[in-house]
Amino acid sequence: MAITPNDAYNYVLYQVGALQAFIRAQGGKLHHVKPHGAFYNQAAKDIHLAQAIAQAIKDLGDELILYGLASSCFVAAAQKVGVPLWQEVFADRRYTPEGYLVPRNQANAMIKTEDEAVEQVLRMAKEGEVIALDGSTVKVQADTLCIHGDGPSALDFVRKIRPLL
């Protein structure tokens, strides 16, 4: 889907603003915002989209933290706008040599074994790097970890990874 930075800003402001209102109505406070799916992956590669998202998060206030793909456009965008960013790494996804996530529609995009997921997470957390699909090494900063809950092994990954961290 083609989306302009202005549209991205408005979508994030509208959707997260509504979510904040529901959370406040229940006495809570929103901690962070993470764009989802294709929107997330598109912004990771497009500084203008990433900056629009970061600006919306900043304009929403409440010291919200933006979660974005480690070593992607989210880093420069958050720095430029002045919004806190936690760089996110993925336990169950493979990486391209450029540091992006291998698209799910490509073969080998998902990590399916616990041992491989654990090995990848520990390498990212301890050494600040991940091995890309082609065998090259990509530098990452692991501030937060994503494990996709829609995978059949998600709970097994969590049970194995958590005590090691």
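This one's a predicted model, so the numbers in the text were calculated from it and none came from an experiment. Start at 1 with the first residue, then count along the sequence.
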Using atom types as modelled, flag every donor-acceptor pair under 3.5 Å from a side chain in residues 3-10 to any protein atom, sequence neighbours excluded.
unit_1	atom_1	unit_2	atom_2	d
T4	OG1	D7	N	3.0
T4	OG1	D7	OD2	3.3
Y9	OH	D59	OD2	2.6
N10	ND2	N6	O	3.2

With a 4.5 Å limit on heavy-atom distance, are the side chains of [X] and [Y] in contact?
X    : Y    : result
Y11  : I53  : no
Y14  : L19  : no
V102 : N108 : no
T96  : L101 : no
K58  : L64  : no
I57  : V81  : no

Kindly compute the distance separating [atom1] ([X]) from [atom2] ([Y]), expressed to the nearest 0.5 Å.
X    : Y    : atom1 : atom2 : result
L155 : K160 : CG    : NZ    : 13.5 Å
C73  : Q51  : SG    : CD    : 10.0 Å
T144 : L85  : OG1   : CG    : 10.5 Å
W86  : H32  : CH2   : NE2   : 8.0 Å
K29  : H31  : NZ    : NE2   : 9.0 Å
L164 : E119 : CG    : CD    : 12.0 Å

With the 4.5 Å side-chain cut-off for hydrophobic clustering, are [X] and [Y] part of the same group?
X    : Y   : value
L30  : L13 : yes
Y100 : V89 : yes
Y40  : L60 : yes
V12  : I47 : no
L49  : V33 : yes

Please give me the minimum heavy-atom distance between [X] and [Y], naming the atom from each residue.
X    : Y    : answer
V158 : P163 : O-CD, 4.3 Å
A91  : L145 : N-CD1, 3.6 Å
G149 : A154 : CA-CB, 3.9 Å
A117 : I111 : N-CG2, 3.6 Å
A44  : S72  : O-CB, 3.4 Å

Quiz prompt | Note: R94-E116 ion pair, threshold 4.0 Å (strictly below) | solution = yes
Quiz item: Between K112 and D92, is there a salt bridge with N-O shorter than 4.0 Å?
Solution: no
Mind listing the side-chain donor-acceptor pairs of residues 120-128 below 3.5 Å, one per line with the distance, residues two or more places apart or on another chain?
unit_1	atom_1	unit_2	atom_2	d
Q120	NE2	F90	O	2.8
Q120	NE2	R93	O	2.8
R123	NE	E129	OE2	3.0
R123	NH2	E129	OE2	2.9

Quiz item: After noting the C-alpha distance and the side-chain angles of N41 and K45, does the key distance pass the side-chain contact (heavy atoms from CB on, under 4.5 Å) rule?
Solution: CA-CA 7 Å; N41 290 320; K45 297 177 182 179; 5.8 Å; no
Take atom [atom1] in [X]; do more than 12 heavy atoms of anything else shown fall under 6.0 Å from it?
X    : atom1 : value
R162 : CZ    : no
Q106 : CD    : yes
H148 : NE2   : yes

Practice problem: Evaluate ring pair (Phe, Tyr, Trp, His ring centres under 6.0 Å) for Y67 paired with F74, printing each intermediate quantity in order. | Solution: CA-CA 8 Å; Y67 281 17; F74 282 112; over 10 Å; no
Just list the side-chain donor-acceptor pairs under 3.5 Å for residues 131-141, sequence neighbours left out, or say none.
unit_1	atom_1	unit_2	atom_2	d
D134	OD1	S136	N	2.9
D134	OD1	S136	OG	2.6
Q141	OE1	Q87	NE2	3.4
Q141	NE2	D143	OD1	3.0
Q141	NE2	D143	OD2	3.0

